[in-house]
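Let me begin by presenting the structure, written as structure tokens, before commenting on it.
Just so you know, these numbers use all the heavy atoms, side chains as well, and skip hydrogens, waters and symmetry mates.
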Amino acid sequence: MARKIGSRYTAHQILGRGSAGTVWLGEGPDGPVAVKLLREDLASDQELVGRFVQERSALLGLEHPHVVCVRDLVVDGNDLALVMDLVRGTDLRTRLDRERRLAPEAAVAIVADVADALAAAHAAGVVHRDVKPENVLLDMQGPLGPGGAHPALLTDFGVAKLIDSPRRATGGRASAPTTRIIGTPDYLAPEIVEGLPPRAAVDIYALATVLYELLAGFTPFGGGHPGAVLRRHVTETVVPLPGIPDELWQLMVQCLAKAPASRLRASELSLRLRDLLPLLAGMPPLDVDEPDEPEQAEFTEPEAAADPVRRRGVVPLVPGSSTDSNRDTHTSMRVPGPDELAGGALGTARVPRPAGGHRPGSARHRAETVRKRRLALSAAAVALAAAVGVGGWLAVSSDSAPPQDNKQSGSTTP
């Protein structure tokens with residue numbers, strides 16, 4: 001199953017698959033490496049290959065303890081590959097799927113590591129644009145940090161930017177860069193949804209969303225059809241998580257602000273998160289139930305309506321498609337118009353709720369309300385029927401009473 005990647009590397013076995021390509025365990029002149037081999041259709045795109053070559057210095061020049069460094073770029077025939085450091089461990093999504101949610105101390109320690117990585121990248125002029133648990137690797141051979149957290153490393157720098165660049169349409173005309181959305185819906189900053197160019201602040205928004213997910217077990221605006229998720233990012237307000245210190249919550253709210261200028265810089269976020277670690281020591285994972293699943297009314301595609309349950313985090317941008325093991329979503333989707341972004345009066349955000357209850361405004365909550373109203377109406381109907389019955393009995397009793405003397409009443413009616 002081994003295959004040659006260029007003249008210097010050999011790929012031995014597949015470590016994971018994503019919609020952008022396949023990650024292999026490889027061997028190079030200096031030892032084991034990870035090789036991300038992009039899809040053949042991407043490798044055959046000459047413009048994309050040219051962009052990779054142009055970005056070579058940026059991709060190779062980013063070195064940091066919490067960044068999975070790119071060692072080499074291979075362009076060989078139909079192969080377009082990134083050769084990266086091999087991290088002995090797993091990705092954050094795998095741990096989250098296994099544990100459902102993390103203790104606050106461990107979650108904050110992991111996110112602080114990723115913030116350090118983003119600070120280095122932003123200082124070098126690189127925006128990640130696809131921060132999510134799938135792109136955070138945990139080094140199982142590294143020293144344990146606060147809360148027993150393994151060192152976290154951010155990977156896939158530059159891939160979203162390169163693939164998201166304006167592509168040539170048939171006939172040689174360039175497509176407008178503001179008509180497409182690339183990324184994972186749950187982690188997209190509002191300004192991306194509205195078609196604005198992504199800056200460093202989009203990474204902060206995505207990282208704050210990851211922190212929310214690590215604490216709660218679900219993302220603040222996820223669930224349902226991708227169009228509904230995108231609308232929530234623009235129109236909805238993040239719902240508080242019960243049980244976390246107010247200092248941590250206010251920090252998350254600031255980084256999830258709709259206005260990019262209101263968010264912290266990555267270096268500031270890392271420092272403030274690490275300052276909060278002593279406050280979180282020994283705190284257990286939050287006891288919060290997952291929100292009710294979105295109603296089918298939110299779905300606009302027949303395929304999506306047939307499968308309304310889409311748990312935690314990522315949903316495919318292409319309706320009817322299934323997510324893969326790596327859940328990369330470098331797939332285009334048009335920017336919704338203003339009327340599509342306008343939310344209803346009740347909104348659509350998924351509200352966390354204490355264990356055993358239904359969130360206000362949810363389908364189950366409304367069903368329970370309707371049931372109670374029907375019981376109340378039934379009781380009122382029974383009472384009304386009883387009242388009518390008594391009135392009828394009185395009327396019948398009055399008709400059967402002996403007639404009075406007409407002379408005494410002065411009536412001429414027989």
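- Here the closest heavy-atom approach between residue His122 and residue Val127 is recorded as CD2-CA, 4.4 Å.
- Between Ala81 and Val35, the shortest heavy-atom distance links the atoms CB-CG1, 3.9 Å.
- Note that the CD1 atom of Ile14 and the CG atom of Leu25 stand 11.5 Å from one another [nearest 0.5 Å].
- Residues Leu251 and Leu211 form no side-chain contact, since every pair of their non-hydrogen atoms from C-beta on lies 4.5 Å or further apart.
- Using a 4.5 Å cut-off on side-chain heavy atoms (C-beta onward), Glu105 and Leu277 make contact.
- Residues Leu241 and Tyr212 are in side-chain contact: their nearest non-hydrogen atoms beyond the backbone lie under 4.5 Å apart.
- Between the side chain of Asp91 and the main chain of Val136, no donor-acceptor pair closer than 3.5 Å is present.
- If you check the side chains of Thr94 and Asp97, you find no donor sitting under 3.5 Å from an acceptor.
- A salt bridge is absent between Glu268 and Arg272: the closest approach of a Lys/Arg side-chain nitrogen to an acidic carboxylate oxygen does not fall below 4.0 angstrom.
- Panel note: side chain Arg101, backbone Val288; a donor-acceptor pair is recorded below 3.5 Å.
- At least one donor-acceptor pair under 3.5 Å links the side chain of His233 to the backbone N or O of Pro185.
- Residues passing the side-chain hydrogen bond (donor to acceptor under 3.5 Å, both in side chains) test with Asp85 are Arg71, sequence neighbours excluded.
- Between the CG atom in Leu286 and the CG atom in Leu102 there is a gap of 10.5 Å [rounded to 0.5 Å].
- Here the options are Glu134, His128, Met84, the test is side-chain contact (heavy atoms from CB on, under 4.5 Å), and the partner is Thr155; only Met84 passes.
- One N or O on the side chain of Arg263 and one on the backbone of Ala257 form a donor-acceptor pair closer than 3.5 Å.
- When all heavy atoms are compared, the tightest approach of Gly223 to Asp186 is N-OD2, 4.5 Å.
- A heavy-atom distance below 4.5 Å is not found between the side chains of Ile192 and Leu230.
- A heavy-atom distance below 4.5 Å is found between the side chains of Leu73 and Leu82.
- Going from atom OG1 of Thr90 over to atom CG of Leu137 covers 8.0 Å, rounded to the nearest 0.5 Å.
- Summarising the geometry, atom CG belonging to Leu215 is positioned 6.0 Å from atom CG belonging to Leu248; distances are rounded to the nearest 0.5 Å.
- A distance of 14.5 Å separates CG of Leu207 from NZ of Lys132, quoted to the nearest 0.5 Å.
- Using a 4.0 Å cut-off between charged nitrogen and carboxylate oxygen, Glu213 and Arg93 count as a salt-bridge pair.
- In this structure, the side chain of Asn135 engages the main chain of Asp130 through a donor-acceptor pair within 3.5 Å.
- Taking both residues in full, the closest heavy atoms of Ile110 and His150 are given as CG1-O, 4.4 Å, listed atom of the first, atom of the second, then distance.
- Judged by distance alone, with hydrogens and angles left aside, the side-chain atoms of Asp139 form no donor-acceptor pair with the main-chain N or O of Pro151 at under 3.5 Å.
- Counting all heavy atoms, side chain and backbone alike, Pro190 lies closest to Val234 at O-CG2, 4.1 Å.
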Practice problem: Determine, stepwise, if the pair Val210 / Leu92 fulfils side chain to side chain contact (heavy atoms under 4.5 Å, CB included). | Solution: CA-CA 10 Å; Val210 171; Leu92 185 56; 4.2 Å; yes
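- Shown here for Ile5 and Ala11, the closest heavy-atom pair between the two residues is CG1-CB, 4.0 Å.
- Between the CG atom of Leu37 and the CZ atom of Arg3 there is a distance of 5.0 Å, given to the nearest 0.5 Å.
- Panel note: side chain His64, backbone Ala121; no donor-acceptor pair is recorded below 3.5 Å.
- A salt bridge links Asp113 with Arg274: at least one charged nitrogen is closer than 4.0 Å to a carboxylate oxygen.
- Arg232 places a side-chain N or O within 3.5 Å of a backbone atom of Gly222 that can act as its donor or acceptor partner.
- Inter-residue side-chain proximity for Pro32 and Glu27 is flagged as met; some heavy-atom pair is nearer than 4.5 Å.
- Using a distance-only test at 3.5 Å, with no hydrogens or angles considered, a donor-acceptor pair links the side chain of Thr209 to the main chain of Tyr205.
- Side chains of Leu276 and Pro245 form no contact here, defined as non-hydrogen atoms less than 4.5 Å apart.
- The pair Asp156-Lys36 counts as a salt bridge, with a side-chain nitrogen and a carboxylate oxygen less than 4.0 angstrom apart.
- Looking only at side-chain heavy atoms (C-beta outward), Val70 and Leu62 stay at 4.5 Å or farther from each other.
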